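Keep in mind it's a predicted model, so treat the numbers as computed, not measured.
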Amino acid sequence: MLAKNGYLELDEIMDIPGYPGTEILSQKKCVVIECRQNIPCNPCEAACPHHAITVGEPITSLPVVDPEKCIGCGLCVAQCPGQACFLVDQTGEEYDTVTIPYEYYPLPKKGQEVYGLSRAGEYLVKGVVVRTVMTKKNDRTAVVEIKVPKGYAMKVRGISTDGRRTATETDIQRPSDAVLEQINDNDMYVCRCEEITKKEVIEAVRNGASSVNEVKRLLRTGMGLCQGRNCAVTIERIIAQELGTSPAQVPKATKRGPVRAIKLSGYTSLDIEANEEMFEHDW
């Protein structure tokens, strides 16, 4: 379930207004919106030219699908920022098709065999790409239609193109207890940008550092590309554990602008346009 595992189970999806119903999906290609969180979001509603999706007021309402109006165009699939919109077609006699959002390179090509993944990211079944569509309006989110064996259109929610990163045809083998016992948490990187380990942070604290800034001065933690956005909280907890206090009592790191990464043109009043000889950094 969502609250426990971080993803929706099928029975949860069938109980939300974004699910058009089993009977409808057996008769036509239709959108399935796997959204169960009441957040202020309605791009799917705005993207549908046939008004098949309604969020209404308040904007935190769950999207409702009108299957009679849905024509399976897929415009909502690329527009959903949470990637919760999918097209499901179970009308075929020999196979199903599912259309998913995809934001990785290289893009899969028509006829390419891919690994179909579950909502948990686990390998389910092999599929074949029917088509891949990406337009400027989709803002670099491609829409990929995949042919899968019968019964898998409501199960496959992602793909792996190479089978090495997140998918495998064999069962994942759990490391042996002997291997797990040899793992030393202190050797793990806390600050990945500067490659600083937990052990080094602990040593800095035992040598007198009592704040994130003091650890930073000694080890350069938080001075990499992310500017401490990924490691500062972890370092606070390590300091608190070593000092026997609450993380809230550990002096915070000094925050420096920008709070998030922006283009250099954001610091100027110049309106610079990219041309063939000049390229803006794509954040």
Which residue pairs pass the ring-ring contact (aromatic ring centres under 6.0 Å, His included) test with at least one member in residues 53-102, sequence neighbours excluded? Tyr102-Tyr104
Can you pull the side-chain hydrogen bond (donor to acceptor under 3.5 Å, both in side chains) pairs that have at least one residue in residues 192-209, sequence neighbours excluded? Glu194-Arg220, Thr197-Glu200, Arg206-Glu242
Residues two or more places apart in sequence or in another chain: which of them pass side chain to side chain donor-acceptor pair (under 3.5 Å) with Arg217? none
side-chain hydrogen bond (donor to acceptor under 3.5 Å, both in side chains): pairs with one or both residues in residues 48-63, sequence neighbours excluded: none
Close side-chain approach of Cys80 and Pro43, heavy atoms under 4.5 Å: no
Would you mind checking if Glu34 and Arg157 are paired as a salt bridge, meaning a charged N to carboxylate O distance below 4.0 Å? yes
Applying side-chain contact (heavy atoms from CB on, under 4.5 Å) to Lys69 and not counting sequence neighbours gives Ala52, Asp66
Kindly give the cluster partners of Ile53, where membership spreads through any ILVMFWY side chain lying under 4.5 Å from a current member. Val31, Ile33, Val65, Val77, Leu87, Val143
Side chain to side chain donor-acceptor pair (under 3.5 Å) partners for Thr132, two or more places apart: none
Result of checking Gln79, Gln83, Glu103 against Thr141 for side chain to side chain donor-acceptor pair (under 3.5 Å): Glu103
Other than Ile239, what residues sit in its cluster of Ile, Leu, Val, Met, Phe, Trp and Tyr side chains whose heavy atoms are under 4.5 Å apart, directly or through others? Val190, Ile196, Val201, Ile202, Val205, Val212, Val215, Leu218, Leu219, Ile235, Ile238, Leu243, Val250
Partners passing side chain to side chain donor-acceptor pair (under 3.5 Å) against Glu68 (at least two apart in sequence or in another chain): none
Check: Ile13 and Val32 side chains under 4.5 Å, non-hydrogen atoms: yes
All side-chain contact (heavy atoms from CB on, under 4.5 Å) counterparts of Ser118, not counting sequence neighbours: Ala120, Glu122, Leu124
Residues passing the side chain to side chain donor-acceptor pair (under 3.5 Å) test with Thr161, sequence neighbours excluded, are none
Over 12 non-hydrogen atoms of neighbours within 6.0 angstrom of NZ in Lys110: no
Any side-chain heavy-atom pair of Asp89 and Asp96 under 4.5 Å: no
Does some side-chain heavy atom of Met14 sit less than 4.5 Å from a side-chain heavy atom of Glu9? no
Are side-chain heavy atoms of Met154 and Val88 found at a separation under 4.5 Å? yes
So if you build clusters from Ile, Leu, Val, Met, Phe, Trp, Tyr with side-chain heavy-atom gaps below 4.5 Å, do Val144 and Tyr105 land together? yes
Determine, stepwise, if the pair Val128 / Ile146 fulfils side chain to side chain contact (heavy atoms under 4.5 Å, CB included). CA-CA 6 Å; Val128 177; Ile146 310 148; 5.9 Å; no
Mind checking side-chain contact (heavy atoms from CB on, under 4.5 Å) for Val233 and listing every partner two or more places apart, or none if nothing turns up? Arg237
